[in-house]
Protein chains: 2
Amino acid sequence: MFEVEAGIVSGEETGRQGSREPAASAKGRRRATIRDVARACGVSTATVSNALAGKPHVKAQTREAVERAAVELGYRPSAAARGLSSRTGRTWSVGLVVGDIENPVVPKIVRGAEEILWANRTSLVLCNTDFQQDKKMAYVRALIDRDIDGLILVSHIFNDMEARAISLSDLPLVTVNRMNDQWQADYVGIDNAAGTRAAVDYLTGLGHRRIGYIKGLNTSTAAQARFDGYLSGIAAAGGDTDPALVIQGDYTQESGAIAARQFMALSDRPTAIVAGNDLMALGVLGALRDLDIAVPNEVSVIGFDDIHMSAHPLINLTTVHFPQHETGAMAARLLLRRINEGPDDLPRSVVLPPQLIVRGSAGVPPRRR
Amino acid sequence: MFEVEAGIVSGEETGRQGSREPAASAKGRRRATIRDVARACGVSTATVSNALAGKPHVKAQTREAVERAAVELGYRPSAAARGLSSRTGRTWSVGLVVGDIENPVVPKIVRGAEEILWANRTSLVLCNTDFQQDKKMAYVRALIDRDIDGLILVSHIFNDMEARAISLSDLPLVTVNRMNDQWQADYVGIDNAAGTRAAVDYLTGLGHRRIGYIKGLNTSTAAQARFDGYLSGIAAAGGDTDPALVIQGDYTQESGAIAARQFMALSDRPTAIVAGNDLMALGVLGALRDLDIAVPNEVSVIGFDDIHMSAHPLINLTTVHFPQHETGAMAARLLLRRINEGPDDLPRSVVLPPQLIVRGSAGVPPRRR
DNA sequence: AAGCAAATACTAAACGTTTTAATTTTTGAC
DNA sequence: GTCAAAAATTAAAACGTTTAGTATTTGCTT
């Protein structure tokens with residue numbers, strides 16, 4: 001399946017030396033500690049700590065000497081020791097729990113969060129759960145063991161029991177894309193119902209009345225809200241409420257393709273299909289191409305999310321834009337805020353507005369035969 | 001731009017209580033320490049540590065008691081304290097440095113690595129550098145401060161000076177996709193030259209002789225190798241070596257589109273275009289669609305990477321498959337191996353084979369006018 | 001030249017583990 | 001019962017920081 005080649009050894013041999021001196025061993029120098037710096041400039045570790053932290057009550061001259069010695073020795077404080085010691089014990093790291101990093105919306109959210117976190121010298125521990133309960137729990141436990149400062153959950157929540165089991169009580173927490181009725185946490189997401197509603201309104205405005213909908217996984221509140229938007233749009237326009245027009249998907253491209261075939265097999269086909277996300281919409285487009293059904297002339301298609309590929313000239317999908325980058329950034333901002341402010345202030349919700357992006361996959365319905 | 005709604009406060013007020021008892025404060029119980037467990041079953045911390053670590057020389061009865069008390073109190077060892085103490089001081093976390101998490105190949109690599117790391121109880125600190133030198137350096141420094149056990153660099157390397165500056169000497173290191181002549185590290189990647197060569201051979205086999213190539217960023221050894229494969233393929237088939245047939249791109253879709261327009265403006269157009277990656281190939285396809293040039297009837301297009309979208313019926317891109325998941329997984333395996341074995345064994349290189357995936361974007365060249 | 005406050009620096013404890021070396025307890029043979 | 005060996009446990013010393021609390025120096029006032 002693959003080749004393993006012997007690599008090239010560059011530079012000197014790494015032979016072991018007999019001595020076990022802590023000063024400098026065969027394999028590179030031991031990392032300098034604060035004590036080394038203190039010793040180097042004849043001063044106590046406390047002074048080094050204060051000097052380097054920019055605390056007052058340190059003579060300018062001493063501070064300089066310490067700083068010089070620190071760079072000289074290449075001293076860098078150990079994050080672990082810091083996290084342990086300080087009364088305010090921050091580890092400057094947060095957990096980011098996602099279901100599937102390969103879902104195109106996720107990297108954009110991650111990127112948005114990373115940007116803000118990086119600017120605040122906080123590092124990001126990425127956890128991919130495959131949407132498995134136990135993996136999620138195990139990951140969060142590991143994160144708590146690591147004393148992370150906070151947690152961002154993308155499309156995940158905890159039920160009451162889980163939250164209790166991992167004694168989540170005072171961990172700063174932000175949920176993205178998934179409302180949490182049971183547990184107290186900040187939230188950031190979009191108005192999903194309004195998004196789908198805009199899509200449906202656009203279609204009914206074009207004259208469509210028979211509109212199919214492909215639902216996302218029903219474990220998610222977002223999926224439900226998007227569906228609600230569909231229902232309200234259909235109701236408002238007096239559209240067709242045939243139950244055969246709603247198919248359950250699972251947010252994957254394949255499930256979109258399957259649903260499309262199912263719709264097209266109907267004796268009374270829908271003239272338009274709205275998908276719960278772009279990935280399923282892409283599946284629809286693919287299936288329709290395979291079936292040689294023209295988009296939008298025979299069937300209109302609208303997605304949700306506005307992933308990168310939807311804008312490609314060969315795809316050209318009309319869709320509802322979900323501000324992924326901003327969502328991630330906002331989640332990070334809320335989290336840092338809560339980490340700094342403590343648990344005292346009320347949980348906040350930030351609801352970003354979705355926006356219909358009109359491209360070429362939706363048009364007027366075909367004339368009735 | 002967005003609405004901020006006051007959240008709903010659930011449950012009891014979080015008013016401060018006067019007392020400052022360490023036992024149980026207003027904001028949830030303090031985390032149980034090993035000392036608490038020890039006290040709870042009248043035993044020393046050393047015994048608790050040994051019992052929980054499954055060390056020998058602990059009476060079965062004691063072990064049971066300790067285990068019971070541990071779960072009872074919800075005791076979980078602090079990772080930070082662990083990393084600090086133990087002689088073998090492992091933190092069970094590694095850094096993963098990528099240039100751009102939004103590039104579709106990256107999440108798959110990340111996912112592959114995550115899978116292996118998770119199975120080995122190691123967590124993953126994600127760093128997104130935007131390919132900026134200073135951000136890369138700062139991130140790595142932060143990682144080293146965190147005492148990570150090892151580092152995976154995706155499409156990044158260090159030059160000698162950088163490596164020295166962060167005293168990288170004994171940090172287990174795996175580079176992905178980018179050979180490193182100066183510094184000693186494990187490597188995993190694919191045979192890029194062979195990949196492009198296969199693509200070019202396929203095209204020349206179909207009769208193409210005038211084949212355009214869009215190079216990736218020339219800072220990368222992978223980009224160079226892919227280009228070398230093109231050159232050797234052209235040479236082997238006696239193809240056209242017009243320098244106008246090679247255009248420098250930057251791995252983005254936009255640069256692919258620009259290059260395509262440039263090729264099509266030529267008086268003597270190429271009959272086929274090979275792109276250094278799929279993203280640029282998608283740009284080519286988009287531009288050709290905009291120009292109303294048929295693929296593959298007028299121009300054939302081949303990409304490199306085989307990102308998810310390339311398989312979509314509307315894209316249907318012939319491309320060279322780069323085993324992204326396996327690459328990430330292998331990188332993690334190599335890293336864990338080196339972490340466990342220590343720096344003594346020779347650096348290894350794993351070279352995975354690329355594979356030409358024939359889809360619909362390449363065909364026989366149009367008949368000469 | 002003494003006295004005193006401010007400025008500076010230091011000592012020691014704390015953070016939560018693991019590990020070493022020492023100590024106590026148990027076991028089993030005589 | 002005695003004693004050595006084996007087993008179980010423990011006290012104490014790390015690990016590398018930060019931070020109270022305390023001690024020293026400095027510089028100014030009388």
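Below, each value reflects all heavy atoms present in this structure, side chains not excepted, and no hydrogens, waters or symmetry copies.
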Write down the distance between [atom1] ([X]) and [atom2] ([N]), rounded to a whole number of angstrom.
X        : N      : atom1 : atom2 : value
A:His57  : D:dA20 : NE2   : P     : 13 Å
B:Arg35  : D:dA11 : CZ    : P     : 12 Å
B:Arg146 : D:dT17 : CZ    : P     : 14 Å
A:Ile34  : C:dT11 : CD1   : P     : 14 Å
A:Gln61  : C:dT8  : CD    : P     : 11 Å
A:Leu52  : D:dT18 : CG    : P     : 8 Å
B:Lys55  : C:dT20 : NZ    : C1'   : 11 Å
B:Asp36  : C:dT17 : CG    : C1'   : 13 Å

*Identify the residue among B:Arg333, B:Arg348, B:Arg338 that makes a side chain to side chain donor-acceptor pair (under 3.5 Å) with B:Asp186.*
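Result: among B:Arg333, B:Arg348, B:Arg338, B:Arg338 is the only option passing the side chain to side chain donor-acceptor pair (under 3.5 Å) with B:Asp186.
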
*Toward the 5' end of DNA chain D, which comes first, B:Lys59 or B:Ala81, by nearest nucleotide?*
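Mapping each residue to its closest nucleotide by heavy atoms, the 5'-most match is B:Lys59.
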
Among [options], the nucleotide that comes nearest once only the side chain of [X] is considered:
X       : options                : value
A:Ser85 : D:dT9, C:dA9, D:dT18   : D:dT18
B:Arg82 : D:dT9, C:dT18, C:dT11  : C:dT18
A:Leu84 : C:dC10, C:dT17, C:dC15 : C:dC15
B:Ala46 : D:dT17, D:dA8, C:dT19  : C:dT19

*State the NZ-OG1 distance between B:Lys55 and B:Thr47, to the nearest 0.5 angstrom.*
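Here the rounded value is 11.5 Å.
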
Sugar-phosphate only, base, or nothing, as touched by [X] at under 4.0 Å among non-hydrogen atoms:
X       : answer
A:Ser78 : sugar-phosphate
B:Thr33 : sugar-phosphate
A:Arg76 : sugar-phosphate

*Is the shortest side-chain N/O distance from A:Ser49 to OP1 or OP2 of D:dT18 below 4.0 Å?*
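Result: yes.
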
_Under-4.0 Å side-chain N/O to phosphate OP1/OP2 contact, B:Thr47 with D:dT10_ =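 Indeed, a polar side-chain atom of B:Thr47 lies that close.
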
_Where at least one partner belongs to residues 58-84 of chain B, residue pairs that pass side chain to side chain donor-acceptor pair (under 3.5 Å), sequence neighbours excluded_ =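 Qualifying pairs: A:Asp145-B:Arg76.
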
*When you check the gap from the basic side-chain N to the acidic O, do A:Lys135 and B:Glu114 get nearer than 4.0 Å?*
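Salt bridge: yes.
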
*Do B:Thr175 and B:His156 have side-chain atoms, one donor and one acceptor, less than 3.5 Å apart?*
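Not at all, the side chains of B:Thr175 and B:His156 share no donor-acceptor pair under 3.5 Å.
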
*Would you mind telling me which residue lines up with the more 5' stretch of DNA chain C, A:Thr45 or A:Val58, judged by nearest nucleotide?*
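The residue whose closest nucleotide sits nearer the 5' end is A:Val58.
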
